[in-house]
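In the text below, chain A, chain B and the rest are named by the order of the sequence lines, each starting its count at 1.
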Amino acid sequence: MPELPEVETTVRALREPLIGSTIVGVRSDWPRQIVTPDLPELQARIHGLHIQAINRRGKYLVFNLSGQETLIIHLKMSGHLAVTGADAPQSKHVHSVFSLADGRELRFRDTRKFGRIYLVTDPSEILGKLGPEPLSPEFTAETLRQRLAGRKRAIKPLLLDQTILAGIGNIYADESLFYAGLDPRRPADSLTPADLSRLHAAIQKVLKLGIAREGASIDLYVKPDGTKGDMQNAVAVFRRTGLPCYQCQTPITRIVLGGRSTHFCPHCQR
DNA sequence: ACCGGAGCCTGTTAGC
DNA sequence: TGCTAACAGGCTCCGG
């Protein structure tokens with residue numbers, strides 16, 4: 001579920017309760033969620049480590065721990081992280097839990113069990129192939145042009161490719177293409193410099209809007225404290241099939257592109 | 001090298 | 001009401 005704005009919102013909410021805390025244990029009733037190392041080694045290595053910083057790279061949460069260790073978590077479709085007391089009621093979809101020295105817990109709830117946990121000494125092992133951060137100064141219209149150069153595929157599935165650009169998912173891809181006025185089926189190599197410039201600006205605009213509104217609570221996503229984000233009230237096309245386009249009143253169309261639902265205005269996007 | 005499709009999971013909703 | 005199929009914001013693997 002979560003894309004860059006939802007992960008960023010989660011990171012910001014976790015910093016205050018977690019930075020400076022000490023991890024003293026991990027338990028899991030779904031060890032497949034832990035990709036590397038295996039659960040016994042994770043328990044051994046993480047015991048006693050302090051959480052020094054929490055950041056985001058693409059859709060990954062990155063916890064810098066003492067001892068040169070890095071804990072990396074991907075929420076995938078349905079993951080949710082929250083800090084609670086040890087005796088707080090626990091959802092049946094909580095499968096992995098980090099215990100803190102002061103008795104609190106960091107709980108990973110994940111209904112669909114797609115989420116993943118990694119503990120590594122070299123984060124590039126997991127994050128190395130990701131494309132640039134869309135909100136960083138290094139990401140310019142020219143960067144976007146270079147990364148799409150020679151690609152004949154439709155632009156929409158390319159925006160979802162995390163090696164081209166990190167952090168965009170289905171919502172923000174559709175929203176970006178709407179504000180750029182681009183048909184999601186347009187071959188990437190047909191985009192003019194003006195198209196790419198509009199797309200670059202649109203990507204930054206919708207991601208910043210998503211962060212400002214603390215994520216889109218369309219299906220399962222809620223913030224760590226359980227409350228909803230507000231971006232679902234600001235989408236122009238995503239899951240608005242049949243509803244009038246805010247710019248021209250033409251009904252929003254839904255197609256399947258690269259196996260994913262795709263929503264666009266057939267009049268405004270060309 | 002690139003692309004589409006299946007697979008991983010559970011829950012909700014749409015359709016008959 | 002009850003069953004079944006489709007669908008869900010992600011990503012990886014596999015075969016053509």
Nucleotide [N], atom [atom2] - distance to [atom1] of [X] in whole Å:
X      : N      : atom1 : atom2 : result
A/K129 : C/dG10 : NZ    : P     : 19 Å
A/I34  : B/dC8  : CD1   : P     : 20 Å
A/R56  : C/dG10 : CZ    : P     : 14 Å
A/H80  : C/dG10 : NE2   : C1'   : 18 Å
A/R112 : C/dC7  : CZ    : P     : 13 Å
A/L4   : C/dC11 : CG    : P     : 11 Å
A/E3   : C/dC11 : CD    : P     : 9 Å
A/M77  : C/dT12 : CE    : P     : 14 Å

Take a 6.0 Å sphere around NZ of A/K223 and say whether it holds more than 12 heavy atoms from other residues, nucleotides or ligands.
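More than 12 within 6.0 Å, yes.
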* To do: Please say whether more than 12 non-hydrogen atoms of neighbouring residues, nucleotides or ligands are located less than 6.0 Å from CD in A/E16.
  =>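 Open.
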- prompt: When you look at A/V97 and A/L106, which way does the side chain to side chain contact (heavy atoms under 4.5 Å, CB included) test go after all the steps?
  reply: CA-CA 6 Å; A/V97 176; A/L106 172 62; over 6 Å; no
Name the residue closer to the 5' end of DNA chain C, choosing between A/V256 and A/R260 according to the nucleotide with the nearest heavy atom.
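On the 5' side of the pair lies A/V256.
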Please determine, for the side chain of [X], which listed nucleotide ([options]) has the closest atom?
X      : options               : result
A/K113 : B/dT10, C/dG10, B/dC3 : B/dT10
A/T111 : B/dG11, B/dC3, C/dT12 : B/dG11
A/R153 : B/dG11, C/dG10, B/dG4 : B/dG4

Are [X] and [N] close enough that a side-chain N or O sits under 4.0 Å from OP1 or OP2?
X      : N      : result
A/R151 : B/dA1  : no
A/K59  : C/dC11 : yes
A/H74  : C/dC11 : yes
A/Q162 : C/dC11 : yes

Under 4.0 Å between any heavy atoms, over every strand shown, what does [X] touch: base, sugar-phosphate, or nothing? Just pick one.
X      : answer
A/K92  : sugar-phosphate
A/G259 : nothing
A/R239 : base
A/Y172 : nothing

Review point. Given the P atoms of C/dA6 and B/dG5, what is the spacing between them in whole Å?
Key: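 Looking at atom P only, C/dA6 and B/dG5 are 15 Å apart.
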Nearest-Å distance once atom P is located in both B/dA6 and C/dA5: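 The answer is 16 Å between these two P atoms.
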Worked verdict on A/D195 versus A/R186 for salt bridge (charged side-chain N to carboxylate O under 4.0 Å, His left out): CA-CA 11 Å; A/D195 290 334; A/R186 278 276 296 277; 2.8 Å; yes
Decide, applying a 5.5 Å centre-distance limit and a 30° plane-angle limit (both strict), whether A/F114 stacks on C/dC11.
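According to the criterion (under 5.5 Å, under 30°), no, A/F114 does not stack.
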Query raised in the report: So, A/Y118 versus A/H74, ring centres under 6.0 angstrom or not?
Result: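 No, the ring centres sit 6.0 Å or more apart.
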*asked:* Quick check against the 3.5 Å criterion: does A/Q269 have a side-chain atom that pairs as donor or acceptor with the backbone of A/L177?
replied: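 Judged by distance alone, yes, a pair lies under 3.5 Å.
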